[in-house]
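Everything on this sheet refers to the single structure shown next.
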Amino acid sequence: MKIPMLVWIVVCLAAPAVRACLRERVDEKAIQWSNRIVEARLVGVSERVEMKAVTLKPPAGTKSPEISAVYWYRVYSFEVQRVIDAGGASLKPRHRIEVVRFFGKADRPSAVGPTSKPSAADHCATRLVRDSVGQTFVLLLRPEQDIKIQKPPVWSDAKNLDPRDGEVHGLRAYAVIHSVPREEATDAWMANLRKVLSETRAAERKVSDNQIKKHVQTIVAAMSDQEAQEAIDALQRVGYKAVGHIKSARDKKETPPDAKDRLARLAIEISPPPLPIDMAPAAE
């Protein structure tokens with residue numbers, strides 16, 4: 001399947017009164033997680049594109065049946081109408097962007113457990129359907145490859161819990177952090193978006209990589225959580241920009257175990273949550 005021009009991954013759509021996917025509202029963290037913000041019109045929806053089919057055999061000597069599942073995605077084509085924040089990219093009106101939602105289905109839903117129930121992310125993504133073609137949305141975006149995906153509930157590869165393959169990553173796709181239909185994005189809502197965007201980007205520019213590294217080293221050298229707290233607080237304000245430095249220090253052999261734990265917890269706190277897989281797709 002040929003996918004033209006720029007490609008993006010979407011995991012949510014939400015009106016101001018509806019819970020959003022990776023972030024429920026436009027705030028500092030939503031902006032930190034996003035590096036593209038656009039208004040774009042939905043112009044088409046693809047057929048299913050299968051990623052992986054899985055069959056789990058029961059343990060030897062048991063009478064339990066096999067469990068099978070299949071995972072797929074759909075591509076939702078958008079045309080950019082207005083660029084709000086390009087994040088340094090060459091992105092202009094009329095550019096075509098592609099959006100993807102992830103789905104799955106098990107032949108025994110009871111084996112899926114709680115994940116068979118639609119999550120908040122699943123609910124807010126349900127506006128991405130063929131009936132929505134022609135509608136415009138405000139999309140806050142992040143590269144798909146930057147964000148983990150939730151562990152598939154039926155899976156056979158303990159070493160690789162990611163159903164996305166090279167074809168998906170090869171799309172150079174993006175995930176949606178937050179979105180609203182443009183007709184529901186009031187003047188006040190748009191004004192707040194621009195205000196938070198301006199303030200957050202200004203705060204990010206004030207903190208250099210060297211300052212981030214110094215805070216990380218303070219956490220590494222700290223003898224207790226209390227001693228590290230001031231540096232942790234500073235990196236929480238920096239947000240997602242600091243994740244690369246935090247993970248680099250976490251993964252060094254010489255970093256003490258307690259510091260590794262502090263850094264791991266901090267990286268999780270300031271990173272987007274995993275992309276959802278809709279295991280109960282009522283509509284695609």
Side-chain angles (χ1 to χ4, degrees), residues 8-9 11-12 20-37 84-89 121 140-151 158-162 164 168-169 172-178 193-276:
W8 318 81
I9 292 269
V11 291
C12 79
C21 292
L22 297 189
R23 194 65 181 167
E24 295 183 9
R25 60 192 179 278
V26 172
D27 59 6
E28 181 182 51
K29 188 163 287 188
I31 298 299
Q32 290 171 348
W33 292 348
S34 307
N35 63 358
R36 308 283 190 275
I37 303 177
I84 298 172
D85 181 28
L140 282 71
L141 307 167
R142 185 84 206 176
E144 166 268 339
Q145 62 185 4
D146 287 355
I147 306 175
K148 293 181 178 180
I149 194 168
Q150 73 178 57
K151 175 185 175 182
K159 294 183 179 180
N160 179 18
L161 303 179
D162 192 334
R164 296 171 294 183
V168 174
H169 290 312
R172 298 172 63 192
Y174 283 71
V176 166
I177 302 303
H178 184 82
L193 168 63
R194 292 185 179 282
K195 178 177 181 291
V196 178
L197 173 63
S198 175
E199 292 174 350
T200 303
R201 294 290 184 253
E204 289 173 338
R205 289 191 293 269
K206 287 180 180 179
V207 183
S208 67
D209 281 353
N210 284 336
Q211 289 174 304
I212 293 173
K213 290 177 182 178
K214 287 181 181 179
H215 290 312
V216 170
Q217 287 306 309
T218 297
I219 296 172
V220 170
M223 301 301 293
S224 67
D225 288 350
Q226 184 175 1
E227 188 177 331
Q229 193 58 53
E230 185 175 345
I232 291 173
D233 291 343
L235 291 180
Q236 286 173 334
R237 291 191 293 271
V238 172
Y240 194 76
K241 178 182 177 180
V243 167
H245 296 298
I246 293 169
K247 288 184 176 180
S248 177
R250 177 201 63 189
D251 295 339
K252 290 182 178 178
K253 292 182 179 180
E254 60 268 27
T255 299
D258 286 350
K260 284 181 178 287
D261 181 62
R262 290 185 204 109
L263 293 168
R265 284 187 276 116
L266 179 58
I268 291 172
E269 181 180 347
I270 63 177
S271 297
L275 305 178

For I246 versus L263, what's the shortest heavy-atom pair and its separation? CG2-O, 3.3 Å
d(I177 CD1, E24 CD) to nearest 0.5 Å is 13.5 Å
Which value, rounded to the nearest 0.5 Å, describes the distance between I147 atom CD1 and W33 atom CH2? 8.5 Å
Give me the atom names and distance for the closest heavy-atom approach of I232 to L266. CG2-CD1, 4.1 Å
Minimum heavy-atom distance between V220 and A249, given as atom pair plus value: CG2-CB, 4.2 Å
Would you indicate whether K260, at its atom NZ, is surrounded by more than 12 heavy atoms from other residues, nucleotides or ligands within a distance under 6.0 Å? yes
Checking side-chain contact (heavy atoms from CB on, under 4.5 Å) for the pair E204/V238: CA distance, chi angles, key distance, verdict? CA-CA 6 Å; E204 289 173 338; V238 172; over 6 Å; no
Test side-chain contact (heavy atoms from CB on, under 4.5 Å) on S34 and L141 and set out the steps. CA-CA 5 Å; S34 307; L141 307 167; 5.9 Å; no
Which pairs count as side-chain hydrogen bond (donor to acceptor under 3.5 Å, both in side chains) when at least one residue sits in residues 237-253, sequence neighbours excluded? none
Start with the C-alpha gap between D85 and R201, add the side-chain angles, then the distance that decides, and say whether side-chain contact (heavy atoms from CB on, under 4.5 Å) holds. CA-CA 10 Å; D85 181 28; R201 294 290 184 253; 3.0 Å; yes
CD/E254: more than 12 non-hydrogen atoms of other groups inside 6.0 Å: yes
Should K195 and V26 count as side-chain neighbours, where that means a heavy-atom distance under 4.5 Å? no
Would you give the length of the straight line joining atom CD of Q236 to atom CD of E28, rounded to the nearest 0.5 angstrom? 10.5 Å
Return a table of donor-acceptor pairs under 3.5 angstrom between the side chains of residues 211-218 and protein atoms on other chains or two or more places apart.
from, atom 1, to, atom 2, distance (Å)
Q211, OE1, S208, N, 2.8
Q211, OE1, S208, OG, 3.4
T218, OG1, K214, O, 3.0

Would you name the heavy atoms of L235 and A242 that are closest together and state the gap between them? CD2-CB, 4.0 Å
If you round to the nearest 0.5 Å, how far is CD of E227 from CD1 of I219? 11.5 Å
Test: K29 and D27 ion pair at under 4.0 Å: no
Any chance you could lay out the side-chain contact (heavy atoms from CB on, under 4.5 Å) test for I31 and L140, step after step, and finish with the verdict? CA-CA 8 Å; I31 298 299; L140 282 71; 4.1 Å; yes
Once rounded to the nearest 0.5 Å, what's the spacing between atom CG of D162 and atom NZ of K148? 10.0 Å
Looking at side-chain heavy atoms only, is the closest gap between V168 and E144 below 4.5 Å? yes
Can you name the nearest heavy-atom pair linking R164 to I149, along with the distance? NH2-N, 3.5 Å
Heavy-atom closest contact (I270 atom, G239 atom, distance): CD1-O, 3.3 Å
Of all residues at least two apart in sequence or in a different chain, which pass the side chain to side chain contact (heavy atoms under 4.5 Å, CB included) check with D225? R262, R265
